[in-house]
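Single-structure report; data block below.
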Protein chains: 2
Amino acid sequence: MSPRRPSPDRAPNQMDVARAAGVSAQTVSRVLAGHPNVRPDTAHRVHAAIDSLGYRIHAAAASLASGRTRIIGMIVVSNDRYASAALGAGVETTAAANGYTVTTASVSDHASTSAFLEAFDRLERQGAEGVVLNVPVELDSPEMQLRTERTPSTRSQVASLQPDAPLVVDQHVIGRLAVEHLLDLGHRTVWHVGGDEYWIEGRHRREAWEQVLHERGIEPPPLIPGEWTPESGYRAGRTIAAIPDATAVFVSSDEMAFGLIRALHEAGRRVPEDVSVVSVDDIALAAYASPALTTVRQPFEEMGRAAAQRLISHIEGTDAGDEPDLHPELIIRSSTAAPLAR
Amino acid sequence: MSPRRPSPDRAPNQMDVARAAGVSAQTVSRVLAGHPNVRPDTAHRVHAAIDSLGYRIHAAAASLASGRTRIIGMIVVSNDRYASAALGAGVETTAAANGYTVTTASVSDHASTSAFLEAFDRLERQGAEGVVLNVPVELDSPEMQLRTERTPSTRSQVASLQPDAPLVVDQHVIGRLAVEHLLDLGHRTVWHVGGDEYWIEGRHRREAWEQVLHERGIEPPPLIPGEWTPESGYRAGRTIAAIPDATAVFVSSDEMAFGLIRALHEAGRRVPEDVSVVSVDDIALAAYASPALTTVRQPFEEMGRAAAQRLISHIEGTDAGDEPDLHPELIIRSSTAAPLAR
DNA sequence: TTGTAAGCGTTATCAG
DNA sequence: CTGATAACGCTTACAA
């Protein structure tokens, strides 16, 4: 007797379909793979058998035999931020369109490097053929290097891991657009409420802010720290409100801008008459803030699509084709204006 | 000669580890599974070999042999809404904590029933042992019935698919809390800006609104349609602003409330002095709207956790334990007030 | 155009 | 406590 349970009601497999269709299992496999050299009549009988038995291919068996999983992994931090979600949607869409499945590994915010390594390992174990790193941290540790060499990986937000590849979205450009807009409006200097410095994005935007000010011969005022949340923006707003000659602020996210503006209003400072505010992201609610936010838009969903496309092309060894031009865009609404004459 | 490529540099497998450790492959498997009956000394040698070879278990092979994948599928609509993202994070967290992996299948908003069936099939093909349906539509079609019988499934937002199981979050309660709050404040009637009726959530909240008004002998005013977006809220706001005696509005989401309030302000109607507004969700920005939103909070992440927990318990045949009490909560802020005396 | 045979890496069963 | 062996369901290579 078999050492296995006889399982009289197991799911049908290719052999069952083959028997029902009067062909070999191999022919069933060929039909499933859309192999050209199958007589239409045969293919038809096979499809009929598949439908009548309710057969479905067993992905694990297929991967084991073929060595391919068509799984893309995605490492995500703090899934509840708008940006991560939109990015993920883009990755999903492109993956599905190319016959790939996405498996997600979440990592908590401010997680240690080892948490990222573990997440990566989880995905590799599942057989991910590539990984989209939708993450904030620098990934230059030797251990991560090891993994990204073994499994092709792409950063979705800031830059590819391949040093020579073009940036996906240059966060320095974002900072530059914001700060130059305020300066061009006539403000004498620009204060900055930073994003969490744990995130590369936050660091790059701050660097751009410093750089632009230096270029114009302005010594940057002290950085006001934030951590992406509206609460932290509110706290920063109270700080700003206490600085009488602060007339222009570059905040590193729309969500923080909501908190910041609230604090400014409570302190009796009008936006944009007394203080101009530029933020980053252009989330759906940005246009409905009071006042509507001037912000630097990031095309999140397209960024996700581009990351997935690049990864899939790499996996399949095909040319990625033209990568879309993912430039950030300054959207001018009502939270910025020229400073009042004094 | 073998019909396969000889692959001199293939990834190490259990046999390689076994050789390196001087044991059989079976013992390696036992060590990996944490089987109790292994001599500590042997286990130690195996672990050493694993580390030195950089061995990782091959999930596809393991599933094929064991018949288990430890994969949970999740069907998601419009991943970029805050609620879906937070829910998904909860599912992820709980799955990971129990050694499960989450595979997502996205479906576009207003997708046809067949799109949902296809998504379900995709997940089954991947070997999902259960599916979290984070979706808006009713799932009583015979085809879906077929699938949910084969693969255990749970709705994360509204109710379990098992008719006798308790609701996860009762959307009628949400509508009731909102409408009764306004009525108790002294408003004579309450207008409703609905969510998209394609979503069960939207329908249930509307039903609750109608029911509460009827209970108090009030004939509900015409429903003002919305579709979750701030833009649709803005449009609804212009409608409301044109109705002089509308003093209280129940909007089906915070995002719509932002748009609604903006339209009201532009029309010169003050919130809450002229019009009180209650919404649903309590997203992070709700407290930073102008005015801060009175809203009915939904514990999204916990809802996701509960859904995953229930599913996993079902898969493993264990008792789900006490399900957390997932009640919505009315958060009173500044967008509601008693009507002005006229 | 179709069929046969081998093997993918793991786990379950049974024997020792 | 450990090992040998037989599946799991599919795809690749080759033969017919």
Side-chain angles (χ1 to χ4, degrees), chain A residues 1-46 49-50 53-70 124-127, chain B residues 1-46 49-50 53-70 124-127:
Chain A
M1 84 179 71
S2 154
R4 293 294 184 136
R5 63 197 158 130
S7 276
D9 56 342
R10 36 171 262 288
N13 62 20
Q14 278 190 356
M15 197 57 215
D16 299 323
V17 175
R19 264 192 292 270
V23 298
S24 75
Q26 180 47 38
T27 298
V28 177
S29 176
R30 268 193 279 260
V31 170
L32 256 34
H35 197 97
N37 288 351
V38 177
R39 207 185 308 158
D41 166 49
T42 312
H44 190 266
R45 284 211 317 284
V46 169
I50 287 176
L53 292 177
Y55 165 80
R56 306 167 124 72
I57 198 164
H58 190 300
S63 338
L64 184 56
S66 70
R68 299 226 32 204
T69 58
R70 298 187 83 82
E124 278 190 327
R125 209 159 42 227
Q126 286 298 317
Chain B
M1 83 179 73
S2 155
R4 294 293 183 138
R5 61 198 160 130
S7 276
D9 57 342
R10 35 171 263 288
N13 61 21
Q14 279 191 355
M15 197 57 216
D16 299 323
V17 174
R19 264 191 292 270
V23 298
S24 75
Q26 182 47 230
T27 298
V28 177
S29 176
R30 268 193 279 260
V31 170
L32 256 36
H35 196 97
N37 289 351
V38 177
R39 207 186 307 157
D41 166 49
T42 311
H44 190 266
R45 283 211 320 283
V46 169
I50 287 175
L53 292 178
Y55 164 82
R56 306 167 124 72
I57 198 163
H58 190 300
S63 333
L64 183 56
S66 70
R68 298 225 32 205
T69 58
R70 298 188 83 81
E124 279 191 326
R125 210 159 41 226
Q126 286 299 318

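In what follows, every chain begins at residue 1, and chains take the letters A, B, ... in the order their sequences are listed.
With sequence neighbours excluded, the residues satisfying side-chain hydrogen bond (donor to acceptor under 3.5 Å, both in side chains) with A:T69 are A:E129.
Remark: side-chain polar atoms of B:R56 are not paired, donor with acceptor, to backbone N or O of A:R125 under 3.5 angstrom.
Protein atom CG of B:D41 is 13 Å distant from nucleotide atom C1' of D:dT2, rounded to whole Å. Nucleotide D:dC8 holds its C1' atom 15 Å from the CE atom of A:M15, rounded to whole Å. Atoms CG (A:L64) and P (C:dC8) sit 9 Å apart, rounded to a whole Å. In this entry the distance linking CD of A:Q14 with C1' of D:dT12 reads 13 Å, nearest Å. In this structure, B:E124 places its CD atom 16 Å from P of D:dG9, rounding to the nearest Å. In this entry the distance linking NE2 of B:H58 with P of D:dC10 reads 16 Å, nearest Å. Between B:R56 atom CZ and C:dT10 atom C1' the separation is 17 Å, expressed in whole Å. At whole-Å resolution of the value, NE2 in A:H35 and P in D:dA13 are 12 Å apart.
Among the nucleotides D:dT2, C:dT11, D:dC10, the one closest to the side chain of A:A62 is D:dC10. Of the listed nucleotides (D:dC10, D:dC8, C:dA12), D:dC8 has the atom at the smallest distance from the side chain of B:A65.
Here B:L32 lies out of heavy-atom contact (under 4.0 Å) with every strand. Here A:S63 lies out of heavy-atom contact (under 4.0 Å) with every strand.
Comparing the axis of the opening five pairs of the helix from C:dT1-D:dA16 to C:dG16-D:dC1 with that of the closing five pairs yields an angle of 30°, rounded to 10°.
Residue A:E124 holds its CD atom at 12.0 Å from NE2 of B:H58, rounded to the nearest 0.5 Å. Rounding to the nearest 0.5 Å places CZ of B:R45 at 12.5 Å from CD1 of B:I50.
The phosphate of C:dT1 has neither OP1 nor OP2 within less than 4.0 Å of any side-chain N or O from A:T42.
Remark: B:V23, B:S24, B:Q26, B:T27, B:R30 in residues 16-31 of chain B come within less than 4.0 Å of DNA chain D through at least one heavy atom.
In B:H35, the NE2 atom is crowded: over 12 heavy atoms of neighbouring residues, nucleotides or ligands sit closer than 6.0 Å.
Using a 4.5 Å cut-off on side-chain heavy atoms (C-beta onward), B:V23 and B:V31 make no contact.
Across all non-hydrogen atoms, the minimal contact from A:A20 to A:A49 is CB-CB, 3.9 Å. For B:V46 against B:A21, the heavy-atom pair with the smallest separation is CA-CB, 4.0 Å. When every heavy atom of B:L64 is checked against every heavy atom of A:A61, the shortest pair comes out as CD1-CB, 3.7 Å.
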